[in-house]
Engineer: 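Questions regarding the structure given below will be posed in turn.
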Amino acid sequence: MTLVGKTRDVRTDCLEQSIATMEQLLQLPAVLAGNPQVFADQSSLNRHIGWVHVLENSDPRTYLRGQELVLTTGIGWGPETCFEKYVAELVELESAGLLLELGNHCPAVPAALIQACKEHCFPLVALHEPVAFVEITEALHQLLFSSQTRRIEAGGEVTAHFTALMQLGAPAETILRDCARLLNATVVLEDSGYNVLRHASAVPVPADFFEHWQDRSRSLHVTGNAGRQVIPVQIHGRHFGSLIAPDTATHPAGSLHVLTMAGIALGTELLRKQEPASLAFDTACELLDDLMLRKDADSDLLAGKFEASGFPVRHRQLRGFAIPLASCADLRAAARQIERTIGKDLRPVIGARNAPASKLFGFFSAIPGKLPPDWPQTLHLDEVAGYFDGPLYLGAAVNDFGLLADSIRQAIGGCELSLAANQPVVLAEEYPLALLAHELRHEPAMQRLPQQVLAPILALDPARRTECLRVLKAYLASPTNRSQAATRCQLSRSVFYQRLGLLESLLDMDLNDAQSLTVLSLGLAVYQQSVSA
């Protein structure tokens with residue numbers, strides 16, 4: 001039957017992972033029995049066989065549709081046969097290869113045929129012993145059918161798995177993790193602006209994997225995504241971005257099938273959230289957790305993740321922040337309000353923590369020189385005051401991404417200690433002793449310190465203990481200005497001096513001694529934090 005009028009656009013292409021290759025053909029006993037001689041380089045033997053066709057003339061275009069292994073005895077060839085044209089048409093039709101059985105009709109492989117196959121890198125196999133073509137066809141078709149059966153079964157398992165995730169309302173990170181595991185590769189979910197929203201990997205990720213991600217991804221989308229597999233994440237007419245895996249990713253069901261089912265599950269999850277900015281907030285939370293918990297030992301890789309997600313950190317001035325949330329405030333709404341309120345020269349990266357109390361935290365990113373030296377004090381958050389229950393705490397300004405986590409910890413520490421809670425903006429770095437005590441509060445030696453240096457005061461009855469601690473706190477806040485300390489304590493100078501004398505007697509310390517003041521300050525800070533906790 002002549003297949004004139006059939007087009008390759010309507011044929012069904014089998015997935016590469018489920019097709020036999022020319023290399024596998026050479027391992028079949030039916031082929032080995034023919035004493036095969038191979039005219040091909042190793043790379044051409046990777047061609048995939050979709051079907052087998054016996055063709056005894058030099059007009060392949062009429063009978064082939066693509067990926068066929070052509071079997072022939074050369075009986076239809078004559079002295080006028082143009083092997084250059086014949087092989088070129090086989091290559092154009094994406095045929096898998098040519099298997100020629102030598103015999104009476106064709107006792108030797110034509111030199112022109114060998115030359116044409118070499119020029120087109122087209123695999124040619126010559127059989128020097130007679131073999132029934134039906135045996136080769138039967139063996140290959142059994143291999144193809146069993147492979148297709150495995151593919152269908154694996155595809156059903158993949159479909160069932162991601163359908164179950166959709167029914168359970170699994171979060172995006174779970175869907176991506178399972179997709180990466182099935183493909184044994186790194187998969188990336190990016191938004192329409194080529195920013196990385198999420199990624200998961202079953203293999204080690206190179207340190208430069210995320211470098212210049214937006215520019216590279218935009219360029220690859222335009223030029224056809226060479227070197228990677230990409231499917232759109234969209235559902236009900238809404239386009240959320242793309243799901244990307246390397247072209248080396250494989251699966252028995254076909255890597256594109258895995259990506260497609262994961263993309264549908266992701267689209268369903270994103271549609272359920274109904275808020276496009278919601279996933280970006282989740283991405284920031286995840287990256288900040290990685291930063292604070294040091295999940296990524298490679299600082300360059302983590303910085304690349306921030307940059308790829310649209311959060312600039314390189315060649316920027318960075319400053320950690322934290323701010324306590326009001327009891328009824330919505331985390332995402334509060335984060336959006338901060339983004340809308342701060343100046344255009346600041347780029348916030350905002351996450352959230354709920355323990356020991358709800359707070360937003362993260363960092364501000366700015367181009368060096370764009371902000372005035374006193375910019376922290378110029379922040380105006382009056383418009384969003386209803387969302388928060390305290391001042392904005394800031395860590396030290398740093399220009400090195402490796403120091404950013406410490407700046408954020410300073411801000412979080414100041415927030416948890418409620419330092420200078422009557423001010424709109426608090427520079428937590430100005431309270432190093434309190435922050436040190438807060439950071440070391442779980443160390444056994446630090447926990448014992450108040451009992452060692454404040455023991456005589458802590459042994460007093462509650463009323464006297466409270467009064468002595470109040471006086472000591474006021475004095476330690478202004479040790480070089482006792483008048484100011486007395487005012488802070490709301491006592492006359494004479495009474496305040498008497499109380500100081502009592503404290504020196506109780507503690508058996510000289511309150512003018514710098515070392516004693518340091519130990520007392522640290523002990524008092526630890527004690528107050530343990531009481532407030």
Side-chain angles (χ1 to χ4, degrees), residues 1-4 6 11-14 16 18-42 44-83 85-87 89-118 120-151:
M1 180 178 68
T2 303
L3 299 177
V4 176
K6 294 277 185 178
R11 71 183 175 85
T12 300
D13 282 324
C14 300
E16 291 187 355
S18 61
I19 304 176
T21 65
M22 288 296 295
E23 190 168 23
Q24 288 176 300
L25 169 76
L26 297 173
Q27 298 171 4
L28 295 177
V31 175
L32 292 174
N35 188 18
Q37 180 181 3
V38 182
F39 300 90
D41 56 29
Q42 186 62 38
S44 68
L45 295 179
N46 293 327
R47 283 177 176 263
H48 294 90
I49 303 171
W51 204 246
V52 183
H53 190 83
V54 177
L55 182 65
E56 292 292 7
N57 61 48
S58 58
D59 183 20
R61 192 179 298 278
T62 304
Y63 301 96
L64 304 183
R65 291 183 297 169
Q67 291 190 325
E68 293 95 345
L69 170 67
V70 175
L71 306 183
T72 185
T73 61
I75 192 173
W77 299 345
E80 303 300 323
T81 299
C82 178
F83 288 111
K85 179 175 179 293
Y86 176 66
V87 173
E89 288 184 354
L90 290 176
V91 171
E92 183 180 349
L93 291 167
E94 298 181 1
S95 296
L98 179 64
L99 189 148
L100 169 64
E101 182 182 276
L102 301 177
N104 293 332
H105 302 295
C106 186
V109 183
L113 176 62
I114 296 175
Q115 180 64 28
C117 288
K118 287 184 176 180
H120 289 278
C121 295
F122 186 74
L124 168 65
V125 179
L127 299 182
H128 291 272
E129 301 293 337
V131 175
F133 280 174
V134 67
E135 294 182 6
I136 297 176
T137 302
E138 182 181 24
L140 265 175
H141 286 180
Q142 285 179 349
L143 180 63
L144 290 170
F145 286 139
S146 63
S147 180
Q148 289 295 333
T149 301
R150 290 197 303 273
R151 170 179 169 261

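Along the sequence shown, residues are numbered consecutively beginning with 1. Just so you know, these numbers use all the heavy atoms, side chains as well, and skip hydrogens, waters and symmetry mates. A quick note: this is a predicted structure, and the numbers were derived from the prediction, not measured.
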Engineer: Shortest non-hydrogen contact from S44 to C121?
Structural biologist: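 Taking every non-hydrogen atom into account, CB-O, 3.4 Å.
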
Engineer: Looking at CD of E56 and OG1 of T73, how far apart are the two atoms once the value is rounded to the nearest 0.5 Å?
Structural biologist: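 Reported to 0.5 Å precision, the distance equals 3.5 Å.
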
Engineer: Looking at V31 and P36, what are the two nearest heavy atoms and their distance?
Structural biologist: O-CD, 3.4 Å

Engineer: Evaluate the criterion side chain to side chain contact (heavy atoms under 4.5 Å, CB included) for residue pair I136 and L25; output intermediate values, then yes/no.
Structural biologist: CA-CA 9 Å; I136 297 176; L25 169 76; 4.3 Å; yes

Engineer: Between T21 and L45, is any pair of side-chain heavy atoms under 4.5 Å apart?
Structural biologist: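 No, too far: nothing below the 4.5 Å cut-off.
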
Engineer: Indicate the atoms forming the closest heavy-atom contact of P107 with N104, along with that distance.
Structural biologist: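 What the structure gives for the nearest pair is CD-O, 4.0 Å.
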
Engineer: What pairs with F83 under ring-ring contact (aromatic ring centres under 6.0 Å, His included), at least two apart in sequence or on another chain?
Structural biologist: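 Applying ring-ring contact (aromatic ring centres under 6.0 Å, His included) to F83 gives W77.
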
Engineer: List the residues meeting side chain to side chain donor-acceptor pair (under 3.5 Å) with H105, not counting sequence neighbours, and say none if there are none.
Structural biologist: none

Engineer: In Å, rounded to the nearest 0.5 Å, how long is the span from CD of E92 to NE2 of H120?
Structural biologist: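 Between E92 CD and H120 NE2, I get 10.5 Å after rounding to 0.5 Å.
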
Engineer: Test of understanding: with salt bridge (Lys or Arg N to Asp or Glu O under 4.0 Å), list the residues that count as partners of K85, not counting sequence neighbours.
Structural biologist: E89

Engineer: Kindly write out the residues that satisfy side chain to side chain donor-acceptor pair (under 3.5 Å) with D59, not counting sequence neighbours, or none if the list is empty.
Structural biologist: T62

Engineer: Nearest 0.5 angstrom please: T81 OG1 to L113 CG, how far?
Structural biologist: 10.0 Å

Engineer: With sequence neighbours left out, write down each residue that passes side chain to side chain donor-acceptor pair (under 3.5 Å) with H53, or none if nothing qualifies.
Structural biologist: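 Counting only residues at least two positions away or on another chain, H53 forms no side chain to side chain donor-acceptor pair (under 3.5 Å).
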
Engineer: Enter the distance from Y63:OH to E68:CD here, rounded to the nearest 0.5 Å.
Structural biologist: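 The OH atom of Y63 sits 13.5 Å away from the CD atom of E68.
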
Engineer: Is it the case that over 12 heavy atoms from other parts of the model lie below 6.0 angstrom from the CG atom of L32?
Structural biologist: yes

Engineer: Would you compute the distance between atom CD1 of I49 and atom OG of S95 and round it to the nearest 0.5 angstrom?
Structural biologist: 11.0 Å

Engineer: Measure across F39 and V109 and return the closest heavy-atom pair with its distance rounded to 0.1 Å.
Structural biologist: CE1-CG2, 4.1 Å

Engineer: Which residues satisfy the side-chain contact (heavy atoms from CB on, under 4.5 Å) test with E135, sequence neighbours excluded?
Structural biologist: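 E135 satisfies side-chain contact (heavy atoms from CB on, under 4.5 Å) with A30, V131, A132 once adjacent residues are dropped.
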
Engineer: Identify, with sequence neighbours excluded, every residue that meets side-chain contact (heavy atoms from CB on, under 4.5 Å) alongside T137.
Structural biologist: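 Counting only residues at least two positions away or on another chain, T137 forms a side-chain contact (heavy atoms from CB on, under 4.5 Å) with V52, L71, H141.
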
Engineer: Donor-acceptor pair, distance only, cut-off 3.5 Å: does the side chain of Q27 make one with the backbone of Q24?
Structural biologist: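 Absent.
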
Engineer: I need the minimum non-hydrogen distance between Y86 and P60, along with the two atoms involved.
Structural biologist: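 Heavy atoms of Y86 and P60 come nearest at CD1-CD, 3.8 Å.
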
Engineer: Just do the side chain to side chain contact (heavy atoms under 4.5 Å, CB included) check on L98 and V70 with the steps written out, would you?
Structural biologist: CA-CA 5 Å; L98 179 64; V70 175; 3.6 Å; yes

Engineer: Checking S58 now: which residues fulfil side chain to side chain donor-acceptor pair (under 3.5 Å) with it, not counting sequence neighbours?
Structural biologist: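 With neighbours one apart ignored, the set is empty.
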
Engineer: M22 and side-chain contact (heavy atoms from CB on, under 4.5 Å): which single residue from N46, V38, L69 fits?
Structural biologist: L69

Engineer: Rounded to the nearest 0.5 Å, how far does CD of E23 lie from CZ of R47?
Structural biologist: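 Reported value, rounded in 0.5 Å steps: 14.0 Å.
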
